[in-house]
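Structure first, then comments.
Treat the numbers as computed from the prediction; the structure is a model and nothing was measured.
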Amino acid sequence: MAGVGRRDFDIIAAWSVDRLGRSLAHLVDLLGELHAKGVDLYLHQQGIDTTTPAGKAMFQMVGVFAEFERTLIRERVMAGLARAKAEGKQLGRRKVGPEIERSIRTVLKAGKGIVSTARRLGVGVSTVQRVKADLAAAA
């Protein structure tokens, strides 16, 4: 909250508590900083107004549940990725074919840059960077 000075604002409005922070500790710190500067918080989706003691308590409770929900989502995603790997599924983007890699090597060896090579061949910059790293490792 470096940009907010004491009493520059009376209240800050946000859509939801999950837009403000990733953990309860961060949310509590944020609210503490705001209140130290005499600024309150209004969360539209939850209807929480921290100008009241009940609003402050609700803010902390909603923060706990938001952090819990994020943790559950993360666990489900990690379990899904592990299951997909165990089933032998390819994760991530497919690699470009060998003919495209040869073209990238040819253009790079001709002295062209990474970005211009990517544009010229219609591939991502990271693909060209990977091929260039492979060239350097092989040398």
Side-chain angles (χ1 to χ4, degrees):
M1 298 294 349
V4 176
R6 186 173 298 278
R7 301 299 293 171
D8 283 347
F9 302 96
D10 293 327
I11 193 165
I12 293 177
W15 177 253
S16 175
V17 70
D18 62 349
R19 301 286 101 206
L20 295 176
R22 294 272 180 219
S23 69
L24 179 61
H26 181 256
L27 292 170
V28 170
D29 288 345
L30 173 71
L31 188 60
E33 286 182 46
L34 288 173
H35 283 167
K37 295 178 180 184
V39 177
D40 281 299
L41 183 62
Y42 174 76
L43 300 170
H44 178 74
Q45 195 170 31
Q46 289 86 12
I48 296 174
D49 184 351
T50 63
T51 60
T52 66
K56 290 176 190 171
M58 284 299 298
F59 176 77
Q60 291 182 354
M61 284 189 280
V62 169
V64 167
F65 289 113
E67 183 177 5
F68 177 65
E69 181 182 17
R70 272 191 296 279
T71 302
L72 289 177
I73 290 169
R74 185 177 192 290
E75 286 177 1
R76 285 193 300 263
V77 167
M78 297 307 284
L81 290 172
R83 187 184 71 242
K85 264 187 176 178
E87 293 172 359
K89 292 186 179 174
Q90 175 79 26
L91 299 177
R93 290 183 180 181
R94 282 184 247 137
K95 293 191 176 198
V96 297
E99 67 284 344
I100 298 287
E101 283 198 23
R102 276 193 298 277
S103 299
I104 292 171
R105 281 191 212 92
T106 301
V107 174
L108 287 173
K109 286 178 182 176
K112 299 294 182 187
I114 292 173
V115 175
S116 65
T117 302
R119 283 189 188 136
R120 181 175 179 178
L121 298 174
V123 298
V125 171
S126 61
T127 300
V128 178
Q129 289 172 333
R130 181 182 52 79
V131 172
K132 185 173 183 176
D134 290 348
L135 276 174

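- When hydrophobic clusters are built by joining Ile, Leu, Val, Met, Phe, Trp and Tyr residues whose side-chain heavy atoms come closer than 4.5 Å, directly or via intermediates, Tyr42 is not grouped with Leu34.
- By the ring-ring contact (aromatic ring centres under 6.0 Å, His included) test, His44 pairs with Trp15, sequence neighbours left out.
- When atom types are taken as modelled, the side chain of Thr52 and the backbone of Gly55 share a donor-acceptor pair closer than 3.5 angstrom.
- Atom NZ of residue Lys56 and atom CD1 of residue Ile48 lie 13.5 Å apart, to the nearest 0.5 angstrom.
- Leu20 and Met61 fall within a single hydrophobic cluster, where Ile, Leu, Val, Met, Phe, Trp and Tyr are joined by side-chain heavy atoms under 4.5 Å apart, directly or via other members.
- Residues Arg130 and Ser126 are not in side-chain contact: their nearest non-hydrogen atoms beyond the backbone lie 4.5 Å or more apart.
- To the nearest 0.5 Å, atoms CG (Asp10) and OG1 (Thr51) are separated by 10.5 Å.
- With hydrogens and angles disregarded, a donor-acceptor distance shorter than 3.5 Å links the side chain of Thr50 to the backbone of Leu41.
- With a 6.0 Å radius and a threshold of 12 heavy atoms from other residues, nucleotides or ligands, Lys132 has its NZ atom at or below the threshold.
- Surrounding CD of Gln45 are more than 12 heavy atoms belonging to other residues, nucleotides or ligands, all under 6.0 Å away.
- A continuous path of Ile, Leu, Val, Met, Phe, Trp and Tyr side chains, each step under 4.5 Å between heavy atoms, connects Leu135 with Val125, placing both in one hydrophobic cluster.
- Annotation: the span from Leu108 atom CG to Arg105 atom CZ amounts to 9.5 Å, rounded to 0.5 Å.
- The cluster map of Ile, Leu, Val, Met, Phe, Trp and Tyr, joined by side-chain heavy atoms under 4.5 Å apart, puts Leu91 and Val77 in the same cluster.
- Placement of Leu81 and Ile73 within a single hydrophobic cluster is found when ILVMFWY residues are connected by side-chain heavy-atom separations under 4.5 Å, directly or transitively.
- Closest approach of Leu43 and Phe59 over heavy atoms only: CD1-CD1, 3.5 Å.
- In this view, Thr106 satisfies the side-chain hydrogen bond (donor to acceptor under 3.5 Å, both in side chains) rule with no residue, not counting sequence neighbours.
- Salt-bridge formation is not detected for the pair Glu33/Lys37: no Lys NZ or Arg NE/NH1/NH2 atom is positioned less than 4.0 Å from an Asp or Glu carboxylate oxygen.
- To the nearest 0.5 angstrom, Met58 atom CE is 8.5 Å from Gln46 atom CD.
- Atom NZ of Lys95 and atom CD of Glu101 lie 7.0 Å apart (nearest 0.5 Å).
- Annotation: side-chain contact (heavy atoms from CB on, under 4.5 Å) contacts of Arg119 (sequence neighbours excluded): Val115.
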Start with the C-alpha distance between Asp49 and Ile11, add both sets of side-chain angles, then the distance that settles side-chain contact (heavy atoms from CB on, under 4.5 Å), and finish with yes or no. CA-CA 9 Å; Asp49 184 351; Ile11 193 165; 3.9 Å; yes
